[in-house]
Q: 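There's a structure below that I have some questions on.
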Amino acid sequence: MTRTRRRYWLMKSEPDAFSIDDLQRVGTEPWNGVRNYQARNFMRDGMQVGDGVLFYHSNTAVPGIAGTATVASAAYPDDTQFDRKSDYFDPKATREEPRWFLIDVEFERKLSRTIPLEEIKQHGERLGEEFALIKRGSRLSVFPVSADQYKFLLSLE
DNA sequence: GCCAACGTTGGC
DNA sequence: GCCAACGTTGGC
């Protein structure tokens, strides 16, 4: 078997809906509800068990990186796409041809403090202006982070 | 295949 | 709550 270098990702969640504390409580959570093709493709085609995840709190008073997690499963179909009663129901998806995939995310640790977006932005030059978190207008909720970016961001803790 | 209209994201 | 930026939908 070939060994694959661990990859890193950033995943956004609105803490009112699901926070790092919620993840700590449940341990592992299926990352359902992603309905963006680019984000889906990262989960379906890019992620592997053991990959590192920066857990980001969005749409909250102080948005920022709140914890770390790991990818805990291979990609599989997001069940909510088949559930008529779910907000994430997709009438065009079928069991035979699912449209949306997810992975399980496992709690690693909560940071001693949330690293605020405002502070991260001050390191744009260090992180690269193309970094999706600080790139103007970027709304992607799942995207790759380089090993260097990962290490640097956590060094701000 | 174009593109206007619409819905969503997410910082502020 | 506002609204800029973006992605998706659907008529043509």
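Note that the coordinates shown come from a computational prediction; the quantities given were computed from them, not determined experimentally. In what follows, chains are A, B, ... by sequence order, proteins preceding strands, each numbered from 1.
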Q: I want to check something: taking the side chain as every heavy atom from C-beta on, are A/Thr68 and A/Leu54 in contact at a cut-off of under 4.5 Å?
A: yes
Q: Can you tell me how far P of B/dT8 sits from CG of A/Asp90, to the nearest Å?
A: 13 Å
Q: Between A/Lys135 and C/dC6, is there a side-chain N or O to OP1/OP2 distance below 4.0 Å?
A: no
Q: Regarding A/Ile134, tell me which of base, sugar-phosphate or nothing describes its non-hydrogen contacts under 4.0 Å with the strands shown.
A: nothing
Q: Rounded to whole angstroms, how far apart are CG on A/Leu140 and P on B/dG11?
A: 13 Å
Q: Between A/Lys92 and A/Gly137, which residue's closest nucleotide on DNA chain C lies nearer the 5′ terminus?
A: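 Between the two, 5'-proximity favours A/Gly137.
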Q: Find the distance A/Ile65:CD1 to B/dG10:C1' and express it as a whole number of Å.
A: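 Spelled out: CD1 on A/Ile65 to C1' on B/dG10 is 16 Å.
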Q: Hey, is the main chain of A/Pro116 close enough, under 3.5 Å, to the side chain of A/Glu119 for a donor-acceptor pair?
A: no
Q: Over how many whole Å does the gap from A/Tyr88 atom OH to B/dT8 atom C1' extend?
A: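 A/Tyr88 atom OH is separated from B/dT8 atom C1' by 12 Å.
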Q: Please state how far atom NE2 in A/His57 lies from atom P in B/dG10, giving the value in whole angstrom units.
A: 13 Å
Q: Want to settle it: does A/Asn59 or A/Arg35 sit nearer the 5' end of DNA chain C, counting the closest nucleotide to each?
A: A/Asn59
Q: A/Tyr37 side chain N/O closer than 4.0 Å to the phosphate oxygens (OP1, OP2) of C/dC6?
A: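 Indeed not, no polar side-chain atom of A/Tyr37 lies that close.
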Q: Could you tell me if the ring centre of A/Tyr37 sits under 6.0 Å from that of A/Trp100?
A: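 Here the rings of A/Trp100 and A/Tyr37 have centres that are less than 6.0 Å from each other.
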Q: Could you give the CG-to-P distance, from A/Asp16 to B/dG11, as a whole number of Å?
A: 13 Å
Q: Rounded to the Å, how far apart are A/Asp87 CG and B/dT9 P?
A: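 Computing the A/Asp87:CG to B/dT9:P distance gives 11 Å.
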Q: A/Leu117 side chain: which of B/dG11, C/dG7, B/dG10 is closest?
A: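 Minimum distance to the A/Leu117 side chain belongs to B/dG11.
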Q: Whole angstrom is fine here: how far is it from CZ in A/Arg139 over to C1' in C/dA4?
A: 10 Å
Q: Identify the two heavy atoms, one from A/Val105 and one from A/Met11, that lie closest to each other, and give their separation to 0.1 Å.
A: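 For A/Val105 versus A/Met11, the nearest heavy atoms are CG2-SD, 3.9 Å.
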Q: Indicate yes or no for a side-chain donor-acceptor contact from A/Gln149 to the backbone of A/Leu127 under 3.5 Å, with no hydrogens or angles considered.
A: yes
Q: At less than 4.0 Å, is any side-chain N or O atom of A/Lys12 found next to OP1 or OP2 of B/dG10? Yes or no.
A: yes
